[in-house]
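Take this structure, written in structure tokens, and hold onto it; I'll ask about it next.
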Amino acid sequence: MVNQVAIFVDGDNVNNGNASRILTEGYAFGALKIAKVYGNKNTLANWDGETKFQTIFSGDGKNAADLHMAIDALEFVLTMNLDVTVICSSDGDFSHLAWRLREHGKKVVGMGETKTPKKFQDACNEFVFLKPAAVKTPPPLPPNVSKFDLQIREAIAEKSVGGKGIKITDLAIFMRHKYAVKISDKPKGNWRGYLKDKPTLYDLDPRGSDAMVRYLPKGFGPDLKLVKKA
């Protein structure tokens, strides 16, 4: 039977330059079911482009990411009965989490730099050392393109059928549910006004209840990736 694997990354401690190595090691232990990164808004901005990881904003408080990650690891591993937990951090405090998971009969693999305290290394069944890696920064956005526009493009790409786009009314619902967007907080204060104000990014149908909107690929640039789905 193939082992079920979960990866939990301390994004405040491990930079996204290690993303590929972490995934490679995780896949070696079995079928990957969970891959989550925890951190504040600054560290997660760098991890956003790693589309095979789910980014979890843990707030900006001291140890907020560590606490959130530890709680989630215990909950998901035990309730889903996962076999292998990969904990990615050079923080020795995760030794407590490693020991608790092992008490429940789970295999724990630690991943961190050589500076990782021995107490965390010894608390794991196995430990994999990561080389310090440079942070991979996303390419700069073209002029007039914001992260909000990338989220809109994701919604259109996900819901468009046959290249016809998405109803503007459906776009409003999608963005409200997925990103808690209040269009009243944006320039123009309404969806048609916002989209119409960016003719290099969006193509709109004439006004009407079934009016559709499409994004213009050239306006977003050829090398930009969609915002990672949660």
Side-chain angles (χ1 to χ4, degrees), residues 9-12 15-17 19 34-62 64-65 67-69 72 134-230:
V9 181
D10 177 4
D12 290 343
N15 75 56
N16 66 313
I34 292 174
K36 296 176 181 288
V37 183
Y38 298 77
N40 62 46
K41 59 180 179 292
N42 294 320
T43 56
L44 291 184
N46 291 322
W47 277 93
D48 234 9
E50 306 300 335
T51 57
K52 293 188 177 181
F53 290 85
Q54 181 184 4
T55 53
I56 308 294
F57 176 61
S58 301
D60 296 318
K62 182 177 174 58
L67 291 170
H68 196 161
M69 179 172 146
D72 275 8
V135 176
K136 294 185 292 184
T137 56
L141 297 177
N144 204 36
V145 177
S146 65
K147 185 174 180 179
F148 179 59
D149 289 307
L150 293 182
Q151 292 170 342
I152 294 173
R153 187 179 75 159
E154 177 189 8
I156 297 173
E158 183 173 323
K159 298 297 183 181
S160 178
V161 178
K164 295 180 179 180
I166 182 177
K167 288 184 181 180
I168 297 176
T169 52
D170 291 341
L171 173 65
I173 294 170
F174 182 99
M175 296 296 288
R176 184 172 68 250
H177 287 174
K178 187 162 186 177
Y179 297 110
V181 166
K182 290 184 178 179
I183 195 60
S184 58
D185 295 336
K186 301 293 181 180
K188 301 296 183 181
N190 62 81
W191 278 106
R192 173 166 284 276
Y194 180 88
L195 298 168
K196 190 175 181 180
D197 198 43
K198 296 196 172 186
T200 61
L201 300 183
Y202 306 108
D203 175 47
L204 283 74
D205 286 348
R207 188 181 295 275
S209 59
D210 292 330
M212 311 280 280
V213 58
R214 295 154 293 279
Y215 71 85
L216 301 174
K218 287 186 178 180
F220 285 88
D223 298 322
L224 291 177
K225 296 180 180 179
L226 295 181
V227 176
K228 188 182 73 58
K229 294 180 177 60

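No hydrogens, no waters, no symmetry mates; every other heavy atom, side chains included, goes into these values.
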So R214 and D205, do their side chains get closer than 4.5 Å, heavy atoms only?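 Yes; the side chains approach each other to less than 4.5 Å.
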For a quick test of reading the model, state the closest non-hydrogen atom pair linking A64 to S58 and the distance between them.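 Smallest heavy-atom distance, with atoms named: CB-O, 3.1 Å.
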Supply the atom-to-atom distance K186 NZ to S146 OG, rounded to the nearest 0.5 angstrom.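 Answer for the NZ-OG pair, K186 versus S146, is 6.5 Å.
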Taking the side chain as C-beta and beyond, is there a heavy-atom pair between I152 and L201 under 4.5 Å?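 Counting from C-beta outward, I152 and L201 never come under 4.5 Å.
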Nearest heavy-atom neighbours spanning A211 and P206: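 For A211 and P206, the tightest heavy-atom pair comes out as CB-O, 3.4 Å.
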Mind checking whether T200 and L216 have side chains closer than 4.5 Å, heavy atoms only?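 When only atoms from C-beta onward are counted, L216 and T200 do not touch, as no gap falls below 4.5 Å.
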Min side-chain heavy-atom separation E154-K178 under 4.5 Å: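 Touching, per the 4.5 Å side-chain cut-off.
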Would you name the heavy atoms of K52 and A35 that are closest together and state the gap between them?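 Distance-wise, the nearest heavy atoms are O-CB, 3.6 Å.
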Any L204 side-chain heavy atom under 4.5 Å of W191 side chain: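 No - every pair of side-chain heavy atoms lies 4.5 Å or more apart.
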Closest contact, heavy atoms only, D149 versus F220: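 That closest heavy-atom pairing would be O-CE2, 3.6 Å.
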Rounded at 0.5 Å granularity, tell me how far CZ in R192 sits from CG in L171.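 These two atoms lie 12.0 Å from each other.
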Just say parallel, tilted or perpendicular for the rings of Y202 and Y194, cut-offs at 30° and 60°.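 Aromatic pair Y202/Y194 classed tilted.
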Quick check: does any side chain N or O of N16 sit under 3.5 Å from a backbone N or O of W47, one acting as donor and the other as acceptor?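 Answer holds: no.
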G219 versus V145, closest heavy-atom pair with distance: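 Nearest heavy atoms, G219 then V145: O-CG2, 3.5 Å.
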Salt-bridge contact D72-K36 (side-chain N to carboxylate O under 4.0 Å):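 No, no charged N to carboxylate O under 4.0 Å.
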How many angstroms lie between atom OG1 of T55 and atom CD of E50, to the nearest 0.5 angstrom?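 Result: 10.5 Å between the selected atoms.
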Which atom pairs, one a donor and one an acceptor, fall under 3.5 Å between side chains of residues 159-170 and the rest of the protein, sequence neighbours left out?
| residue | atom | partner | partner atom | Å |
| --- | --- | --- | --- | --- |
| S160 | OG | G165 | N | 2.9 |
| K167 | NZ | D210 | OD1 | 3.2 |

Verdict with reasoning, I156 to V213, per side chain to side chain contact (heavy atoms under 4.5 Å, CB included): CA-CA 8 Å; I156 297 173; V213 58; 4.2 Å; yes
Can you tell me how far CZ of R153 sits from CZ of F148, rounded to the nearest 0.5 angstrom?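 Rounded to the nearest 0.5 Å, the CZ-CZ separation comes to 14.5 Å.
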To the closest 0.5 Å, what do you measure between CG (N40) and CZ (F57)?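 Between atom CG of N40 and atom CZ of F57 there are 7.0 Å.
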For V37 and L44, work out which heavy atoms get closest and say how close.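 Reported closest heavy-atom pair: O-CD2, 3.9 Å.
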Check: N190 side chain, G193 main-chain N or O, donor-acceptor pair, under 3.5 Å: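 Yes; judged by distance alone, with no hydrogens or angles, the pair exists.
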